[in-house]
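Right, one structure below, let's go through it.
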Amino acid sequence: MTGARRGAWRDFRRRLAALIRKEFRQLLRDRSNLLIGIGLPIALILIFGYGLSLDVRDARLAVALEDASPAAYETVAGLEGSTYMSTTVVRSLAAARRLMDEHRVDALLYLPADFARRAAAGDARVQLLLQGGDPTRSAAIRGYVEGALAQGEQKRRDRQGAAAGSGVVAVERMWFNAANDSTWYLVPGLIVLIMTLVGTFLTALVMAREWERGTLESLFVTPVRPGEVLLAKIVPYFAVGLVGLGMCLAAARLLFDVPIQGSLSVLLAASMLYMVVSLGIGLLISAFTRNQFLASQVAILASFMPSLMLSGFVFDLRNVPPAVQVVGHLLPATYFMELVKTLFLAGTYWPIVLKDCAILALYAVALLALARAVTRKRLD
Amino acid sequence: MSADEILAVDARGVGKRFADPATRRQLAALDDVDVRVAHGALTALVGPDGAGKTTFLRLVAGLMRPDRGELSVLGLDVTRQPQAVQDRISYMPQRFGLYEDLSVQENLDLYADLHALPLPVRRERFARLLEMTDLERFTRRPAGKLSGGMKQKLGLACTLVRSPELLLLDEPTVGVDPLSRRELWEIVQRLVTQERLSVLLATSYMDEAERCAQVHVLHEGRVLASGSPAEIAAHARGLCHDAEPPPGQPPRLLQARLLDDDAAIVDAVPHGGRVHFILRGATGPAELGLPARTLRPVAEKLEDGFMVLLRARSGERPAEAARAMPEGSGAAAAGEDAPVIEVRDLVRRFGDFVAVDKTSFSVRRGEIFGLLGPNGAGKTTTFRMLCGLLPPSGGQARVAGLDLRSARAQARGRIGYVSQKFALYANLTVEENLRFFGGAYGLRGAALRQRMQAVLAQFDLRGHQAQPAGQLPGGVKQRLAMAVGLLHEPDILFLDEPTSGADPLARRGFWRRITALASAGTTVVVTTHFMEEAEYCDRIVIQDAGRLLALGTPEQVRRQAGETAQRRLDMEQAFIAIVERARAARDTTEPTP
């Protein structure tokens, strides 16, 4: 009996090895696979790291300076020192409005002719006009302008001695992302995207290809077991996913100087767990569609796009309608996103790590079991 | 109990239903099927398209489950123990799933590993399979870069890496040229005699079924008849005759006339310059109104029995609408016209590979012109150049009086092209497809409506208008493809392997329409792997390795192959003789390294 079992085990290993060898050969010979598995992650890293940024830089500000007093000049000088803004000073409100109308500036700061006089009276009113087409950008610009004005005001008071007033000043600091640099949270998010891309999209595609080309029909009528076919798909694409992860980590450290506050080994383990989840989704999609075109569409729509939009990568999940929140929380990517951001920027915070890993592990087991159940050696 | 006492396959009352995707109605693919397959012999399943051959093989392979009945394979209940059966059999699906990125050797290795073939056995087995399939020189070539025939042979080799207890073959020779087909059969037959291999094979070639010990005729999911080829043929005993066509006329005209005479004739085909036909039981040959001296009785073959069985069942008559078409003066009279296709020293190179080498021929108006040759002979390349889809590397080609170098677009407007693969929109209906392609050819308004009505009638497509093209049965799809190709009333119709995989019944209907088209003055250029179909052609060329080996009427070509009054050849024998002779001559003049 044990002899028979040992024989079965040997056959299993031999078949699995043969299938994995085949899978690696195909992977390396088909350029489209390599393009999706390696080329696309590199492109994404470069786009997200260099090309894309949610920071507002070079905001163009027109200053309508109708007052020629030293106080007014001092205020404007404070704005011109900022690295985030480029200011254009014009002499009249009409000229500044023209710049706004022509969209040559993003905001207009109006210092009226009686600015100095009112400032002396303690009522230094200025007007800030913003382009409303891009509220996020406008809000950032408002922040910059207000900050610069407040700083100028502070300096003036310091010079005059604290007697002039006892204004309460909030001193802000951005925790976990000290520079408020968006690459700091884009790059960790990229890990989620790339692992979803390789695990779900690429795997669904190559498995659906086997259904479509009829290679499975020939393969099925051999001693091969369905579980072996699935396992042989998981191993190589797991490896490709790890290559993607490695590239992201290297890029994060070497190119973008993103700190990794948490434990690297926890990050690696969590990523492997998510890779299995992602592969499970890919195998499930291909088992249902059995068609490359459909599989790629479903993989993009059901996995890649939601990971991008609904996992909290770009939009904060707490600010979306409850229905969307529910969808977001059904996605395994949401938990992995939280986990990766925590590990990168905050550190190994065990309550979050354990909770998210447990949820991902449940997904992994459920998805693989489901994929195994629906992949049968049957054509009807 | 020894293996010989158990049948390899024992199906009793097997039924299988599928849901029709369009109507959601349940359709019976198999109904109450009894089939027994003995050990150590060849058993064939024959039948028209959609008869249920593939479904039956998939049931036997454990890839589908029967709805009713009992099916035991190698003594095991395949429904309960599919894996146990799959461990012991080999199955070659219609489209064998080779891994195209892997080399020939890697494909073989994969299957050997999956079957846990020990290394010493493997070495000996590979050597033998590669020698049999003649693939030794190509072991490092990716499977995707092999010709169609070589792919089939590799597929067979992969299924035979170890000797299975039962081999299932689903139409293994569709789209394979006669030479490769013969080689495939030699391999199978050697294994049957040497290793007592049990084989169950589905085929639409009657000559292949004739080599089997047992034949089961399937029709619409039911077994019409079972027995040895001789027993099946006996259904046509005493009914087979052949007739000589009037001098100067191609045999297809007489064949069409006989085929149209439903009351008296079951079937008629041109054969060896004469017309072979089967009478209905009640009719005597004298009642046909043919000169008695041109008639003679002949021995019945499996195909005759098959046709008798099938025509008794299906009320469908081949190409009914084609009969109503105007019969023109025919090719004989049209032959005096200037040629509509003129090809001189045509060359096509891909890199340093010469696909077509200095080929010259001409085709007259209203002619049916056949291009024959093994896989990779240059037929498809020649075809594509004539259709203006591929520019020639050298030489001249004039089509419908237009030079293909300078007026490719105009020339294309004068031709219709039906490709080998189904190239219509599967999710558009028949009518939408016709309207779209009509528009693409520049037809609109009343002219388009009138042409659509005409082709719908001509190709018996009425009643199918609202069906999505992808869901039509194979034969109807093919008629739709031809209808689309003829919408703009082209002078020339190009057909690339139109009958590949079609059953004899569908092929009769197809050729009846071609005969009618040619009589109405349309020139038809056609490629085929069924050599007997060359008999419908006025003239044929045989190509191999890019070179033209023979050009002439079927009779001239047979004579070139060495036919004499004593030694009659059929087209397939003639074809093989000509190609082999040319290959032998080439090998002696330019020895391969």
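Keep in mind it's a predicted model, so treat the numbers as computed, not measured.
Separation of atoms CG (A:Leu219) and CG (B:Leu114) is listed at 5.5 Å; rounding is to 0.5 Å. One distance of note links CZ of B:Arg58 with CD of A:Glu217; it measures 4.0 Å at 0.5 Å rounding. For the atom pair CD (B:Glu100) and CZ (A:Arg29), the distance works out to 13.0 Å, reported to the nearest 0.5 Å. With rounding to the nearest 0.5 angstrom, the CZ atom of B:Arg88 is 15.5 Å from the OG1 atom of A:Thr222.
Within residues 226-240 of chain A, no residue has a heavy atom under 4.5 Å from a heavy atom of chain B. Interface residues of residues 201-214 of chain A toward chain B, defined by a heavy-atom distance below 4.5 Å and sorted by number: A:Glu210, A:Glu212, A:Arg213, A:Gly214.
Taking both residues in full, the closest heavy atoms of A:Arg378 and B:Met64 are given as NE-CA, 4.2 Å, listed atom of the first, atom of the second, then distance. Of all the heavy atoms in A:Lys22 and B:Leu102, the pair that sits closest is CG-CD1, 3.6 Å. Here the closest non-hydrogen pair linking A:Pro223 and B:Asp87 is CA-OD1, 3.0 Å. In plain terms, the two heavy atoms of B:Gln83 and A:Val224 that are nearest each other are OE1-O, 3.4 Å. Contact detail for B:Gly97 and A:Thr215: the closest heavy-atom pair is O-CG2, 3.3 Å.
No other option in B:Met92, B:Gln94, B:Lys16 has as many heavy-atom pairs under 4.5 Å with chain A as B:Lys16. By number of non-hydrogen pairs under 4.5 angstrom with chain A, the leading residue of B:Leu63, B:Asp101, B:Asp109, B:Leu168 is B:Leu63.
Neither the backbone nor the side chain of A:Arg10 comes within contact range of chain B, judged by heavy atoms closer than 4.5 Å.
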